[in-house]
Protein chains: 2
Amino acid sequence: MLANDPTEILKRNQLKNTKQRVRVLEEIGADDAAISQPDLEKKLGKEIDRVTLYRILNAYEDKGILHRIIDHNGTANYAICSSNCSSHHHQDEHVHFNCSICAKVYCLPVNVPQITIPNGFKTESISFVAYGVCDKCSAEN
Amino acid sequence: MLANDPTEILKRNQLKNTKQRVRVLEEIGADDAAISQPDLEKKLGKEIDRVTLYRILNAYEDKGILHRIIDHNGTANYAICSSNCSSHHHQDEHVHFNCSICAKVYCLPVNVPQITIPNGFKTESISFVAYGVCDKCSAEN
DNA sequence: TTAAGATATGCAATTGTATTGCATTAATTA
DNA sequence: TAATTAATGCAATACAATTGCATATCTTAA
């Protein structure tokens with residue numbers, strides 16, 4: 001019944017309930033920060049084939065289950081969408097923070113501010129990523 | 001004497017004046033939008049080795065001559081910094097626009113708005129990329 | 001103007017990231 | 001539980017990025 005129970009999420013999105021898909025949701029849900037594709041692969045590489053992992057992540061992004069954040073290095077990071085995101089229209093456009101030391105990507109509780117875009121440009125989504133040193137890495141130095 | 005004359009830029013930044021470096025600056029300066037690494041490689045691949053191109057781009061970014069914008073796909077795009085950027089502290093933090101049709105990255109004349117970051121996080125730079133359809137592609141459809 | 005030193009370049013090899021096609025396996029449903 | 005439908009794993013491939021090293025080029029100081 002939990003809204004973020006993997007089985008529930010899969011059912012809600014008409015995706016087959018496979019152990020690989022459940023594992024991906026568990027792994028991403030377990031982390032407070034977003035998790036990168038390479039890290040996911042390190043954690044799940046023995047259970048799930050690389051290709052399957054890519055396909056699962058793409059399927060989740062299409063359904064709006066995950067959102068993808070491209071970090072400073074161009075690496076894909078994934079986090080579970082907080083609320084009603086739909087295909088190709090993610091509602092949770094909050095600010096992300098990418099740490100230059102631990103490389104983690106955090107979802108900050110800060111909304112992306114409104115801006116005025118020149119005429120003729122049609123905005124579909126916005127990526128706002130602050131880059132710097134996170135609280136944990138700041139404290140350790 | 002022009003501030004964006006390639007030879008001047010190289011001298012100002014204590015970089016050796018080589019024909020490869022001049023060509024990269026010419027090519028990036030010629031485009032109104034930022035240009036992607038793959039496109040640069042297509043244009044310059046016969047004159048400049050891939051590896052050299054990567055090294056030149058990195059050197060320029062370190063010196064603050066270029067700024068790098070990671071687009072929606074994680075691809076690096078480069079544009080000439082408008083004004084006094086220094087190593088690792090790029091001043092021109094304006095909004096970028098990444099077109100989903102032509103894939104171009106535009107530097108918009110809009111500054112990145114200020115936001116409040118949680119305590120402990122130290123921001124060094126900000127990436128603000130709006131994703132959607134650009135004015136030219138909108139007009140064509 | 002040129003020789004010496006410092007640095008950039010190109011090549012070959014390697015690593016990492018992402019995608020495609022296809023045979024096999026697993027999940028759903030009636 | 002059998003039939004259908006979709007997901008997975010494997011092999012192959014494409015593309016992006018980096019490293020080490022020999023060679024070539026630029027700069028400078030005589």
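Here is how names work: the chains are called A, B, and so on, in the same order as the sequence lines, proteins then strands, and each is numbered from 1. All values reported here derive from a predicted model rather than from experimental measurement.
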Under 4.0 Å: is that the gap between some side-chain N or O of B:T18 and OP1 or OP2 of C:dT9? yes

Whole angstroms only, please: what is the NZ-P distance between B:K19 and C:dT9? 9 Å

At under 4.0 Å between heavy atoms, what does A:E41 touch on the DNA or RNA strands: base, sugar-phosphate, or nothing? nothing

Let me know the distance between NZ of A:K11 and P of C:dA27, rounded to the nearest Å. 15 Å

Just to be sure I understand the rule, does B:T52 reach a base, reach only the sugar-phosphate, or reach nothing, if contact means heavy atoms closer than 4.0 Å? base

I'd like to know whether CG of A:D32 has more than 12 heavy-atom contacts from other residues, nucleotides or ligands below 6.0 angstrom. yes

Please check the phosphate of C:dA18 (OP1 and OP2 only) for any side-chain N or O of A:Y54 closer than 4.0 Å. yes

What does A:E47 touch in the nucleic acid at a heavy-atom separation under 4.0 angstrom: a base, only the sugar-phosphate, or nothing? sugar-phosphate

Is any side-chain N or O of A:K16 under 3.5 Å from a base N or O of C:dA26, one able to act as donor and the other as acceptor? no

Using 4.0 Å as the upper bound for N to carboxylate O, is an ion pair formed by A:E26 and A:R23? yes

Are any side-chain N or O atoms of A:Y60 and backbone N or O atoms of A:R21, one a donor and one an acceptor, separated by less than 3.5 Å? yes

Anything under 30° is parallel, anything over 60° is perpendicular, the rest tilted; go ahead and classify A:Y131 against A:H72. parallel

Could you check how far CZ of A:R55 sits from C1' of C:dT17, rounded to whole Å? 15 Å

Before you tell me yes or no, could you show the steps for B:K104 and B:C134 under side-chain contact (heavy atoms from CB on, under 4.5 Å), namely the whole-Å CA-CA distance, both residues' side-chain angles and the distance that decides it to 0.1 Å? CA-CA 8 Å; B:K104 272 193 178 181; B:C134 74; 6.0 Å; no

Taking 5' to 3' order, which nucleotide of DNA chain D is first and which is last to have an atom within less than 4.0 Å of a heavy atom in chain A? D:dT5 to D:dA11

Specify the residue among B:N17 and B:P38 whose closest nucleotide of DNA chain D lies further upstream toward the 5′ end. B:P38

Report the distance from atom OG1 of A:T116 to atom CZ of A:F121, rounding to the nearest 0.5 Å. 13.5 Å

Any base atoms under 4.0 Å from A:R21, or only sugar-phosphate, or nothing? Heavy atoms, all strands. sugar-phosphate

Distance, rounded to the nearest Å, where A:I48 contributes CD1 and C:dA26 contributes C1': 15 Å

